[in-house]
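Residue numbers run from 1 in the order of the sequence given.
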Amino acid sequence: MALLLRRMYDVYHEYLIERRDMRSVNLPLGGSPWLLASVLALYLYVVLHAGPRFMAHRKPYDLRKIIRVYNLLQVVANSVLFCWIVFKLFFVYRDYNFSCQLCRFTEDYRGMEEMYLSYAYFMLKVVDLADTVFFVLRKKQAHVSFLHVYHHTAMVIGTYFGLLYVPGGHGIMLGIWNTLVHAVMYFYYYLSSYGSRYSGWWKEHLTRMQLLQFIHLAVHFGVPLFFNRDCKYPRFWMGIGFLQALVILGLFTDFYIKSYVMKRKKA
């Protein structure tokens, strides 16, 4: 038992202290994984157990004003981050390699800029967890689906480890796509708060946009993973990006078929 605990400690020390990118170690939630693990554990406990029990005999809270402000802030934050990344990569530096973009672990301006952009993206995924809390407080537990909870949790974990090991680089395309989709999505949520007449036609197109996102990301990570053996970007993270894109694509495809294709057939 002692040998097993020692081995676990050695693995923890090697991969979460010695091999990580130390530039982000002092940033909030960017240091020890235990604080982030506690946040996620609390999130899952609240939205799956404590929250539903707390709301069982209560009326739904009217959070429309709070959610409208939250949605607009999300639109602004995601739009700014999307525009900043695209502007710098394709109009200032103009050296993004779609088949193999390496990470910069330097402490010069560009290296630190990519690290901070990765950190900003990670923090946006932490803020996204509030979506589920709003569902619970509004007694919309049906919206707290496996797809919803898995996607939010996996994105926080994935972006955290991305910040630790591969900030920027080839994986920055995930940030480009995701901030664009989320800017559109939260604007849709904002309009939806005023009634379906303002947003009804957006919903299916938004889901199609999400499907396109994961198809492209699967290709983006899959091509260098399987066909570019000379790429020095860590193959492990290429594989994680590729598999995650396929998993989410499968879940969203299932959602799209059940929500739109099957309903049209029944109609």
Side-chain angles (χ1 to χ4, degrees), residues 27-29 35-36 38-85 117 119-157 159-160 175-210 213 248 251-252 255-256 259-260 263:
L27 296 174
L29 291 181
L35 179 57
L36 182 64
S38 299
V39 171
L40 288 176
L42 179 63
Y43 163 74
L44 293 173
Y45 175 71
V46 167
V47 302
L48 297 178
H49 300 287
R53 287 204 303 268
F54 175 77
M55 294 301 299
H57 303 292
R58 288 176 171 84
K59 293 182 179 180
Y61 287 95
D62 185 0
L63 303 175
R64 281 176 293 182
K65 292 182 179 179
I66 295 175
I67 293 175
R68 284 171 185 167
V69 172
Y70 168 79
N71 288 337
L72 286 178
L73 289 175
Q74 283 277 25
V75 171
V76 172
N78 281 278
S79 298
V80 168
L81 191 55
F82 169 78
C83 291
W84 187 273
I85 296 173
L117 287 173
Y119 176 72
Y121 179 62
F122 158 65
M123 290 303 293
L124 278 180
K125 299 305 102 183
V126 175
V127 174
D128 286 351
L129 299 178
D131 293 349
T132 325
V133 178
F134 292 146
F135 283 149
V136 173
L137 294 177
R138 295 166 64 206
K139 296 194 77 168
K140 294 184 177 291
Q141 199 65 28
H143 291 4
V144 187
S145 62
F146 172 79
L147 170 59
H148 178 91
V149 176
Y150 170 81
H151 179 59
H152 277 60
T153 306
M155 288 301 295
V156 172
I157 295 173
T159 52
Y160 172 74
I176 293 174
W177 259 116
N178 202 245
T179 49
L180 173 62
V181 169
H182 276 66
V184 176
M185 182 182 74
Y186 282 107
F187 187 58
Y188 161 77
Y189 289 159
Y190 175 76
L191 292 179
S192 297
S193 68
Y194 291 97
S196 59
R197 65 185 181 278
Y198 295 104
S199 60
W201 63 275
W202 282 48
K203 191 173 182 181
E204 183 173 356
H205 295 297
L206 177 59
T207 306
R208 289 175 177 175
M209 186 180 184
Q210 291 171 317
Q213 169 192 198
I248 301 297
L251 293 172
F252 268 88
F255 170 78
Y256 181 82
S259 299
Y260 305 110
K263 285 186 177 180

message: I'd like to check L180 versus M209 (side-chain heavy atoms, cut-off strictly below 4.5 Å). Are they in contact?
response: yes
query: Is the closest side-chain heavy-atom distance between F122 and V126 below 4.5 Å?
result: yes
query: Given the rule in the side-chain contact (heavy atoms from CB on, under 4.5 Å) test, do R68 and N71 qualify, once you have shown the distances and angles that lead to the verdict?
result: CA-CA 5 Å; R68 284 171 185 167; N71 288 337; 5.6 Å; no
message: Check for me whether the distance between the ring centres of Y43 and H152 falls short of 6.0 Å.
response: no
Let me confirm one number: the [atom1]-[atom2] distance from [X] to [Y], rounded to the nearest 0.5 Å.
| X | Y | atom1 | atom2 | answer |
| --- | --- | --- | --- | --- |
| L35 | L40 | CG | CG | 10.0 Å |
| R58 | R53 | CZ | CZ | 12.0 Å |
| I67 | D131 | CD1 | CG | 9.0 Å |
| H143 | H148 | NE2 | NE2 | 9.5 Å |
| L72 | Y190 | CG | OH | 5.0 Å |
| F187 | Q74 | CZ | CD | 14.5 Å |

Minimum heavy-atom distance [X]-[Y], with the two atoms named:
| X | Y | answer |
| --- | --- | --- |
| V181 | L206 | O-CD1, 4.3 Å |
| N178 | N78 | O-OD1, 4.4 Å |
| F82 | I176 | CD1-O, 3.3 Å |
| L124 | A77 | CD2-CB, 3.8 Å |
| M55 | V136 | CG-O, 3.4 Å |
| Y256 | E204 | OH-OE2, 2.9 Å |

- prompt: Under 6.0 Å from the CZ atom of R64, do we count more than 12 heavy atoms belonging to anything else shown?
  reply: no
- prompt: Tell me the ring pair (Phe, Tyr, Trp, His ring centres under 6.0 Å) pairs involving residues 45-71, sequence neighbours left out?
  reply: Y70-F134, Y70-Y186
task: Using atom types as modelled and distance alone, determine if a side-chain donor or acceptor of Q141 lies under 3.5 Å from a backbone N or O of L48.
output: no
- prompt: Under the side-chain contact (heavy atoms from CB on, under 4.5 Å) test, which residues partner P60, sequence neighbours left out?
  reply: K139
